[in-house]
Amino acid sequence: MFKFAKQLSKMKFIEAHNTDFRNEIIALYLESFSGGASKQYIDLEELNQYVDGFFSGGNVLIAIENNQLIGTLLYCPLKMDNLFPEMIQKNFNIEKCAYIAEIMVAEISRGQGIGTQLLQFFFETVDRKYFDDVFIRVWDKNTLALNLYKKTGFNSISSIHQTKRNPDKKGTFVMQKIYLHRKIV
Ligand SMILES: CC(C)(COP(=O)(O)OP(=O)(O)OC[C@H]1O[C@@H](n2cnc3c(N)ncnc32)[C@H](O)[C@@H]1OP(=O)(O)O)[C@@H](O)C(=O)NCCC(=O)NCCS
């Protein structure tokens, strides 16, 4: 209990600007998604552009401890996600929807509440002038993340099939992804 409180006291949640921690975010992405059950081929150039897109057209929230990145939450307007299902288009004002594209915590720091606090920090800081609703897309087998989102007040509303490249670049595989929604206002 004491150890946990001590750790939290050194931790800061901030919004990153000017590509601060960009390389650390890329490393965290590779650590999170190039291994484990969701192993897939990741093109480094595409990943660099993808992360840069949040600095230029979205928002980058980070958790740091002793000036080291330990977690991040990347979000942008939902219209920047080119996969969202038609039912969202029909039922929500897309212009006022945000999309949490990534939430990642360094492997050694997981299970200490950082993912939960990144989501809380999102709801504390998101600009309510621009956004009424927020969506997250998650792999249906990622039960840890799914539980985290449900516990934070998100509800599943739709799903899609997403094609990914095999780690050896030969062929593809399909993942079922769930879209979850929570009201911001
Ligand atoms: C999903 C992820 C962001 C969660 O971050 P986190 O900091 O570990 O989350 P929290 O510590 O806030 O934990 C959330 C819940 O999961 C549980 N949990 C977290 N890590 C756990 C672990 N290793 N074993 C068992 N339970 C765990 C926590 O107990 C907590 O539940 P509780 O509040 O009911 O106790 C993190 O696991 C991660 O970065 N995963 C890889 C990237 C990823 O899959 N991102 C989501 C893509 S949509």
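As the structure lists them, so they are numbered: ligands from 1, and atoms in each ligand from 1. Bear in mind the structure is a predicted one, so any value in this text is a computation, not a measurement.
Here is the list of ligand 1 atoms found below 4.0 Å of a heavy atom in Met104: 39 (O). Against a heavy-atom cut-off of under 4.0 Å, Val138 is close to the following atoms of ligand 1: 48 (S). Numbered from 1 in the order shown, with element, the atoms of ligand 1 that lie under 4.0 Å from a heavy atom of Ile114 read 7 (O), 11 (O), 12 (O). Interface of Gln112 with ligand 1, defined as ligand atoms under 4.0 Å from a residue heavy atom, comprises 11 (O).
Under the ring pair (Phe, Tyr, Trp, His ring centres under 6.0 Å) rule, His181 has a single partner from Tyr99, Phe92, Phe154, which is Phe92.
Per-atom contact check: atom 29 (O) of ligand 1 does not touch the protein, criterion being a heavy-atom distance below 4.0 Å. Within the 4.0 Å cut-off (strictly below), a protein heavy atom is located near atom 41 (C) of ligand 1. For atom 35 (O) of ligand 1, no protein non-hydrogen atom is found at a distance below 4.0 Å.
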Test side-chain contact (heavy atoms from CB on, under 4.5 Å) on Ile70 and Ile64 and set out the steps.
CA-CA 5 Å; Ile70 49 168; Ile64 49 176; 5.7 Å; no

What's the verdict on side-chain hydrogen bond (donor to acceptor under 3.5 Å, both in side chains) for Tyr149 and Asn142, showing C-alpha distance, side-chain angles and the deciding distance?
CA-CA 11 Å; Tyr149 305 148; Asn142 193 346; over 6 Å; no

Test log, rule side-chain contact (heavy atoms from CB on, under 4.5 Å), inputs Ile114 and Glu65
CA-CA 11 Å; Ile114 298 162; Glu65 192 171 29; 6.0 Å; no

Could you walk me through whether Gln162 and Gln176 pass the side-chain contact (heavy atoms from CB on, under 4.5 Å) check?
CA-CA 6 Å; Gln162 189 178 22; Gln176 175 157 6; over 6 Å; no

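A donor-acceptor contact under 3.5 angstrom links the side chains of Tyr50 and Glu102, judged on distance only.
At least one side-chain heavy atom of Phe122 sits less than 4.5 Å from a side-chain heavy atom of Ile184.
Within a 6.0 Å radius of OH in Tyr130, no more than 12 heavy atoms belonging to other residues, nucleotides or ligands are found. The number of heavy-atom neighbours closer than 6.0 Å to CD1 of Ile108, taken from other residues, nucleotides and ligands shown, is 12 or below.
The part of Phe33 lying near ligand 1 is the side chain, judged by heavy-atom distances below 4.0 Å. The proximity of Arg137 to ligand 1, defined as any non-hydrogen pair under 4.0 Å, is limited to the backbone.
Closest to atom 39 (O) of ligand 1 among all protein heavy atoms lies Val105 N, 2.7 Å. Of the protein's non-hydrogen atoms, the one nearest atom 7 (O) of ligand 1 is Gly115 N, 2.7 Å. Annotation: atom 37 (O) of ligand 1 to nearest protein heavy atom, Arg110 CD, 3.3 Å. The protein non-hydrogen atom at the shortest distance from atom 24 (N) of ligand 1 is Leu144 CD1, 4.4 Å. Residue, atom and distance of the protein heavy atom nearest to atom 14 (C) of ligand 1 are Leu148 CD1, 3.8 Å. Asn142 ND2, 2.7 Å is the protein heavy atom nearest to atom 44 (O) of ligand 1. Ranking protein heavy atoms by distance to atom 32 (P) of ligand 1, first place goes to Lys151 NZ, 3.5 Å. Protein heavy atom at the shortest distance from atom 12 (O) of ligand 1 is Thr116 OG1, 2.5 Å.
Salt-bridge check for Lys96 with Asp133: failed, with every basic side-chain N at 4.0 Å or more from each acidic carboxylate O. A salt bridge does not link Asp132 with Lys183: none of the charged nitrogens is closer than 4.0 Å to a carboxylate oxygen.
The aromatic rings of Phe13 and Phe121 sit tilted, their planes meeting at an angle between 30° and 60°.
Within the set Gly113, Gly111, Ala101, Ser32, the minimum heavy-atom distance to atom 8 (O) of ligand 1 is found for Gly111.
Under a 4.0 angstrom heavy-atom cut-off, Tyr149 registers as being in contact with ligand 1. Residue contacts with ligand 1 leave out Gln117, since none of its heavy atoms falls under 4.0 Å from the ligand. At least one heavy atom of Ile103 sits less than 4.0 Å from an atom of ligand 1.
By the rule that hydrophobic residues join a cluster once side-chain heavy atoms approach within less than 4.5 Å of another member, Leu44 and Phe55 end up as members of one cluster.
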